[in-house]
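By convention in this document, chain letters (A, B, ...) are assigned in the order of the sequence lines, proteins followed by strands, and residues within each chain are numbered from 1.
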Amino acid sequence: MKPVIIIQGPTAVGKSSLALSLAEKLNLDIISADSRQIYKYMDLGTAKPEADELARVKHHLIDIIRPDEKYNAGAFAQDASRLVDDTDLKFPIICGGTGFYISSFLEGLCVIPEIAVEVRNKVMSDYDKLGSILMYDKLSEIDPIVAKRISDNDKQRICRGLEVFFGTGKKLSDFWEEQGILTPRKVLNIVVVDDREDIYHRINTRYEIMVKNGLLDETRKLLEMGYKENDPGMTAVGYKELLENLLHKRPLSECINLAKQHSRNYAKRQLTWYRKCKLDLVFYRKSIKYKDIDYYIEKFINENN
RNA sequence: GGCGGGAUAGCUCAGUUGGUAGAGCAGAGGCCUGAAAAGCCUUGUGUCCCCAGUUCAAGUCUGGGUCUUGCCA
């Protein structure tokens with residue numbers, strides 16, 4: 001199993017440029033772990049690397065699907081594992097803000113067959129008809145282990161628990177049990193953080209720049225291509241708010257403020273997530289010394305070569 | 001100038017027949033097993049604009065004032 005360098009951190013903290021400079025210097029590839037950069041045609045708002053950056057360093061798992069296609073943590077774990085284990089990439093850097101994707105890759109996800117759309121739709125429409133409490137009670141009968149771990153108001157997870165049972169005939173908690181233990185990977189897990197207010201400030205100014213660079217046009221173009229408001233990719237922060245302007249005439253300034261706010265909310269959730277992650281190195285943005293990073297990374301590479 | 005709305009938590013606003021207040025959002029903390037830029041949980045003492053009056057008791061009624069906003073001139 002190949003060693004992997006991981007760089008994660010909240011949105012707008014500067015992890016991409018860090019990964020880029022490291023990859024360039026050490027001649028490594030980058031695997032993006034970003035649930036929105038996977039989408040084609042969504043460039044500005046997802047802070048995707050620029051064309052020249054993509055040319056300088058080989059990036060993977062960027063622009064792999066259309067905005068109306070679904071993707072998920074399981075697919076990422078699979079795609080990333082394939083790239084790391086079945087190709088001749090050496091010491092890839094996995095860089096991105098989608099913590100769940102990275103943990104799925106590192107720790108694995110239980111193997112659950114695809115749930116038929118009819119089953120999923122039935123569960124969803126039942127939920128809308130019967131309400132959360134009845135559906136939660138139903139889940140409690142079927143799979144108390146899962147039910148106990150979630151709120152009786154958590155539509156996504158209640159429906160997930162039910163659809164797995166109705167779609168496979170097996171309880172979700174049984175799948176959890178069966179989850180095989182992965183051979184642990186050799187990883188150097190790095191997170192970049194910063195003061196809350198500085199992250200928030202950078203988010204705000206970055207979004208202003210995105211809009212100035214034509215994010216509204218990019219969003220409009222997605223609509224012209226035929227993508228719909230609730231297509232998977234279109235729900236991305238920074239886009240969904242502009243769609244409010246384009247489709248529902250909400251004042252632009254209001255939409256811009258909301259987009260910034262939702263990005264800040266997201267950054268906060270990311271920071272909470274990292275607190276419980278097993279990390280090897282935590283770099284504070286303001287005091288990142290590239291010499292230090294080089295030292296740790298070269299040490300890691302030498303130890304694992 | 002005339003007539004009418006408003007004035008309550010950082011913001012937008014609820015407050016029923018008078019009993020010293022409560023939602024959403026924000027903020028903060030947390031959760032997270034295929035939607036994860038998603039979803040969910042916890043967390044609300046604030047001169048209820050000011051002054052006077054009625055009342056055992058006023059955000060709630062009466063009078064006066066201040067600010068604000070709409071319509072008519």
Side-chain angles (χ1 to χ4, degrees), chain A residues 8-12 32-39 42 44-48 65 67-80 96-115 117 120-121 123-124 127 132 136 143 145-161 163-164 167-168 171-182 196-197 200 203-204 206-207 210 230-243 254 257-277:
Chain A
Q8 32 184 352
T11 188
S32 162
D34 186 300
S35 69
R36 301 295 151 165
Q37 291 184 2
I38 55 170
Y39 292 113
M42 302 180 69
L44 259 28
T46 61
K48 218 175 266 178
I65 58 172
D68 59 348
E69 291 179 288
K70 281 186 178 161
Y71 196 76
N72 58 46
F76 176 83
Q78 219 165 29
D79 289 345
T98 308
F100 184 40
Y101 280 13
I102 291 173
S103 74
S104 300
F105 163 76
L106 288 176
E107 285 141 46
L109 276 179
C110 43
V111 182
I112 300 175
E114 197 77 13
I115 307 299
V117 260
R120 166 165 291 197
N121 291 341
V123 169
M124 295 292 252
Y127 189 99
S132 63
Y136 181 78
D143 195 341
I145 297 172
V146 168
K148 209 171 291 175
R149 287 177 49 154
I150 61 178
S151 143
D152 61 8
N153 195 37
D154 196 335
K155 178 176 180 180
Q156 265 181 34
R157 294 195 173 85
I158 293 171
C159 288
R160 176 65 181 159
E163 74 174 21
V164 167
T168 68
K171 292 187 280 183
L172 178 55
S173 57
D174 288 339
F175 283 104
W176 291 353
E177 288 269 325
E178 287 167 15
Q179 184 172 2
I181 297 140
L182 284 178
R196 182 75 58 91
E197 51 188 300
Y200 284 1
I203 284 171
N204 295 341
R206 185 176 74 167
Y207 194 69
M210 286 173 176
N230 39 19
D231 282 344
M234 302 290 267
T235 60
V237 169
Y239 289 88
K240 65 179 176 201
E241 296 83 0
L242 294 185
L243 288 169
E254 223 173 84
N257 283 332
L258 271 176
K260 293 175 184 170
Q261 185 176 93
H262 294 153
S263 297
R264 281 182 250 125
N265 296 158
Y266 170 50
K268 182 181 185 297
R269 267 179 276 133
Q270 288 175 303
L271 289 168
T272 304
W273 176 277
Y274 297 132
R275 273 177 216 148
K276 65 156 190 193
C277 290

So is the aromatic ring of Trp176(A) stacked onto the base of U33(B), judging by whether the centres are under 5.5 Å apart and the planes are under 30° apart? yes
Within less than 4.0 Å of OP1 or OP2 of C31(B), is there a side-chain N or O belonging to Arg269(A)? no
Give the rounded distance in Å between these two atoms: CG of Leu44(A) and C1' of A37(B). 16 Å
Would you kindly give the CG-to-P distance between Asp152(A) and C41(B), to the nearest whole Å? 8 Å
G39(B) phosphate, OP1 or OP2, under 4.0 Å from Asn153(A) side-chain N/O: no
Whole angstroms only, please: what is the CG-P distance between Asp34(A) and A37(B)? 7 Å
What's the CZ-P distance between Phe100(A) and G34(B), to the nearest Å? 5 Å
Please step through side-chain hydrogen bond (donor to acceptor under 3.5 Å, both in side chains) for the pair Ser173(A) and Arg149(A), ending with a clear verdict. CA-CA 11 Å; Ser173(A) 57; Arg149(A) 287 177 49 154; over 6 Å; no
Report yes if at least one side-chain N or O of Lys276(A) is closer than 4.0 Å to OP1 or OP2 of C32(B); otherwise report no. yes
Donor-acceptor pair under 3.5 Å: do we get one between Arg157(A)'s side chain and the base of A38(B)? yes
Phosphate OP1/OP2 of A38(B): any Lys155(A) side-chain N/O under 4.0 Å: no
So, Asn72(A) side chain and Gly74(A) main chain: donor-acceptor pair closer than 3.5 Å or not? yes
Under 4.0 Å between any heavy atoms, over every strand shown, what does Val164(A) touch: base, sugar-phosphate, or nothing? Just pick one. nothing
Rounded interatomic separation in angstrom, taking CG from Asn230(A) and P from A37(B): 18 Å
With a 4.0 Å cutoff (strictly under), does any side-chain N or O of Arg36(A) reach OP1 or OP2 of A36(B)? yes
Whole-Å distance between A38(B) C1' and Met124(A) CE? 12 Å
Could you tell me whether the phosphate oxygens of A26(B), OP1 or OP2, come under 4.0 Å of any side-chain nitrogen or oxygen in Arg264(A)? no
Taken in chain and number order and not counting sequence neighbours, the residues that satisfy salt bridge (charged side-chain N to carboxylate O under 4.0 Å, His left out) with Lys240(A) are none
Taking only the side-chain heavy atoms of Leu172(A) (C-beta and beyond), determine which of A28(B), G39(B), G34(B) contains the nearest atom. G34(B)
Represent RNA chain B in dot-bracket notation, 5' to 3'. Only Watson-Crick or G-U wobble pairs with both distances under 3.5 Å count; pseudoknot-style crossings use [ ] and interstrand partners use |. (((((((..((((........)))).(((((.......))))).....(((((.......)))))))))))).
Listed by chain and number, what are the side chain to side chain donor-acceptor pair (under 3.5 Å) partners of Lys48(A), not counting sequence neighbours? Asp43(A), Asp63(A)
Touch class at under 4.0 angstrom, heavy-atom based, for Phe76(A) against every strand present: nothing
With rounding to the closest Å, how many angstrom separate the C1' atoms on C67(B) and C49(B)? 8 Å
Heavy atoms under 4.0 Å, any strand shown: does Gly45(A) hit a base, just sugar-phosphate, or nothing? base
Looking for any heavy atom pair under 4.0 Å, which part of the strands does Phe175(A) touch: base, sugar-phosphate only, or nothing? nothing
Can you identify which nucleotide, out of A35(B), G27(B), A36(B), has its nearest atom closest to the Gln156(A) side chain? A35(B)
Can you tell me if the side-chain N/O atoms of Tyr266(A) get under 4.0 Å from OP1 or OP2 in A36(B)? no
State whether Asn72(A) places a side-chain N or O below 4.0 Å from either non-bridging phosphate oxygen (OP1 or OP2) of U33(B). no
Which of Tyr101(A), Phe105(A), Tyr71(A) passes side-chain contact (heavy atoms from CB on, under 4.5 Å) with Asp79(A)? It is Tyr71(A)
Which one, A38(B), A28(B), A26(B), comes nearest to the side chain of Tyr200(A)? A28(B)
Return the value, rounded to whole Å, for the distance between atom OH of Tyr136(A) and atom P of C40(B). 15 Å
N/O (side chain, Lys268(A)) to phosphate O (OP1/OP2, G29(B)) under 4.0 Å: yes
For a quick test of reading the model: is some side-chain N or O of Arg120(A) closer than 4.0 Å to OP1 or OP2 of A35(B)? yes
Categorize Gln270(A) for me: base, sugar-phosphate, or nothing, with a 4.0 angstrom heavy-atom threshold over every strand shown. nothing
Starting the side chain at C-beta, find the nucleotide from G39(B), G34(B), A37(B) nearest to Ser35(A). A37(B)
Take the protein atom NZ of Lys171(A) and the nucleotide atom C1' of U33(B), then report the distance between them rounded to whole Å. 16 Å
Less than 4.0 angstrom between a side-chain N/O of Arg160(A) and OP1 or OP2 of G34(B), yes or no? yes
